[in-house]
Amino acid sequence: MSTYRTLWNLSGSPPVPRNLVWFRSDLRIADNSALHAATSPAPDAGVLGVFVISPGEWTAHDVAPARVDLILRSLRVLSGDLAARNIPLLIVTAHTPRDVPKVLGELAQRYRVSALYFNREYEVNEARRDHLVCTAFAGLGIDCTPFDDRVVLAPGSVRTLDDRPYTVFTPFKKRWFAVLSDHGGVRVLRAPKDQSPTGVMPSEIPASVEGFLSPVDPSLWPAGEHEAIKRLRRFAASRLDRYKSDRDHPAIDGTSVLSPYLACGAVSPRQCLLAALQANDGLIDSGGPGPVQWISELVWREFYTHIVQAFPRVCKHRAFKPETDRIAWRESPRDFDAWCRGDTGVPIVDAAMRQLNTTGWMHNRLRMIVAMYLTKDLFIDWRMGERYFMRNLVDGYLASNNGGWQWSASTGTDAAPYFRIFNPVSQGRTYDAQGLFIRRFVPELAGLDDDAIHDPPSLVRARLGYSGVIADHASARARVMKAFKALNAEARVPRAPDRTQS
Ligand SMILES: Cc1cc2nc3c(=O)[nH]c(=O)nc-3n(C[C@H](O)[C@H](O)[C@H](O)COP(=O)(O)OP(=O)(O)OC[C@H]3O[C@@H](n4cnc5c(N)ncnc54)[C@H](O)[C@@H]3O)c2cc1C
């Protein structure tokens, strides 16, 4: 016990109240609600930061090694930024989520903390963990103050006129704009000023955590909020204007690629929204088509986060539309493995999966194509794809991942209707017309012309060592139609009108 106590006694200073900021998915110092509140009161209140490394929680939640690697490297940047303001970042380990209250409680006592500040996470287990921590801290006489910071508008604050959560995106977005306007628009918080020295040394950040060795080249994902802000500024200055026309073409550098930084909180959604508004003369739903579309995508992230909080079943591997949990998905480890490897014989699907496997990231259009392909063409349970994505994405975020998967599988809120099934070859021809993206990730097809590259003839495939197709789209489509129609026929009572929209 205590380096701190020794230093404090040596310096002879009186005990100061100490605020503890628990960092989780908010690894930045600017526009961080919890950090801002903890550093705002009496200037002589010492402030400490803490991050809990929890390998058990990461495993249980399928956190990808690439994501863990980005988190650890982001912590290093955060620790330096905090130290420059006299806020030491402490790193502790809790092997399972159950250990977190005890580990944090011990640390709080050791450093004589008087208050804990953190930004809420809305997933079921995370919310339960936070509740246990607050209960344990109440027992220790330490105040806990949580903030809503992961989204622009707190889950629960955007509801229908009859006070229900929205389940359809467009009316949600309309109401979201209205609530934001009622709140006076978007504001970002400054990074904290220098704090009183605490005499506590920051912890060393481990280079890696056992069991989470990233297969992805870390130079693809430089860490930290300076990098995130640089990317945001560059995107807003040079690509935002063309976003609407470029965003669906994976061979074009047309999107922000900020999702890994939003997932670990190196940048906030408010900072993103503000940058878009600044580029659009302050307009939110009119003005340039690029900024308007980009803002809409940010609101999709908000929508899915609100869904997670309002419908916790989606965190528990349950379909948003409960009746679709009766679908008897196919079990085919061989086809699933081929999909994972990028070896289905459909060039755009294989290119996309190889992009994920080598970079930890996949373009949004491709996420829709491969998710639709797994759930419709291969008729494999969306939960398997959802898990594979989480285990490999550097930007894995339960709300958006689950939302995207259930959208593609037609089991989710505001999902693709089951009869609108992407033809993956046509998708490739439309969104990667010259096969530029396919050529990059499926080099064995690089020499084919713009037409053949999307569906090479059998003899050509054999010559190039490229797989034959593992699923026939037309018969797969018929199988899906039959399964979903059977569900509808099974429904005994007519469905009540959906009163959640207004
Ligand atoms: C099957 C599937 C799985 C997905 N899994 C994830 C995931 O684990 N993590 C994740 O962040 N996104 C996920 N998405 C959403 C989307 O594909 C990514 O957010 C986007 O591709 C990230 O690239 P970007 O940062 O360049 O996005 P941009 O096009 O620049 O958009 C800006 C930001 O808006 C948000 N956004 C954009 N599109 C969506 C969307 N459709 N749904 C929700 N938010 C969106 C993201 O935070 C993104 O960073 C998934 C989509 C699908 C269809």
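Order of listing sets the numbers, starting from 1, for every ligand and every atom in it. The figures that follow rest on heavy atoms only: side chains count, while hydrogens, waters and symmetry mates do not.
Ranked by closest heavy atom to atom 22 (C) of ligand 1, the top entry among Ala409, Ser259, Pro260 is Ser259. Relative to atom 44 (N) of ligand 1, the option among Arg301, His363, Arg367, Arg365 with the closest non-hydrogen atom is Arg301. Scanning Tyr397, Trp382, Trp294 for the heavy atom closest to atom 31 (O) of ligand 1 points to Trp294. Taking all heavy atoms of Ala416, Gly254, Ser296, Ser256 into account, the minimum distance to atom 27 (O) of ligand 1 is reached by Ser256. Considering Thr305, Leu298, Ile295, Thr255 only, the shortest heavy-atom separation from atom 33 (C) of ligand 1 involves Leu298.
Near Met368, meaning under 4.0 Å from any of its heavy atoms, are these atoms of ligand 1: 53 (C). Applying the 4.0 Å criterion to heavy atoms of Tyr304 picks out, from ligand 1, the atoms 42 (N), 43 (C). Per-residue contacts place Leu262 under 4.0 angstrom from the following atoms of ligand 1 (heavy atoms of the residue considered): 47 (O), 49 (O). For ligand 1, the atoms sitting less than 4.0 Å from at least one non-hydrogen atom of Gly396 are 8 (O), numbered in the order shown with element in parentheses. Less than 4.0 angstrom separates some heavy atom of Asp395 from each of these atoms of ligand 1: 7 (C), 8 (O), 9 (N), 10 (C), 11 (O).
Of the candidates Phe320, Phe303, Tyr304, Phe311 forms a ring pair (Phe, Tyr, Trp, His ring centres under 6.0 Å) with just one, namely Phe320.
Neither the backbone nor the side chain of Trp407 comes within contact range of ligand 1; no heavy atom lies under 4.0 Å. If you look at Tyr243 next to ligand 1, the close heavy atoms, those under 4.0 Å, all belong to the side chain. When non-hydrogen atoms are compared, ligand 1 lies under 4.0 Å from the side chain of Leu393 (C-beta onward) but not from its backbone. When heavy-atom distances to ligand 1 are checked against a 4.0 Å cut-off, Asn401 comes that close through both its backbone and its side chain.
The nearest heavy-atom contact from the protein to atom 39 (C) of ligand 1 is Glu297 OE1, 3.8 Å.
For a threshold of 3.5 Å applied to N or O pairs, the pair formed by Asn364 and ligand 1 contains at least one separation below that value.
A cation-pi geometry, defined here as NZ or CZ lying under 6.0 Å from the six-membered ring centre and within 45° of its normal, holds between Arg301 and Tyr397.
Side-chain N or O atoms of His454 include one that pairs as donor or acceptor with a backbone N or O of Asp432 at under 3.5 Å. A donor-acceptor contact shorter than 3.5 Å links the side chain of Trp339 to the backbone of Val370. Side chain of Arg367 to main chain of Met362: a donor-acceptor pair is present (N/O by atom type, distance under 3.5 Å, no hydrogens or angles). In this structure, Arg330 contributes its side chain and Leu378 its backbone to a donor-acceptor pair below 3.5 Å.
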(message) salt bridge (charged side-chain N to carboxylate O under 4.0 Å, His left out) for Glu227 and Lys230? Distances and angles first, verdict last.
(response) CA-CA 5 Å; Glu227 173 68 24; Lys230 197 168 81 190; 3.4 Å; yes

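Tyr117 and Phe147 have parallel rings, their planes meeting at less than 30° on a 0 to 90° scale where 60° marks the start of perpendicular.
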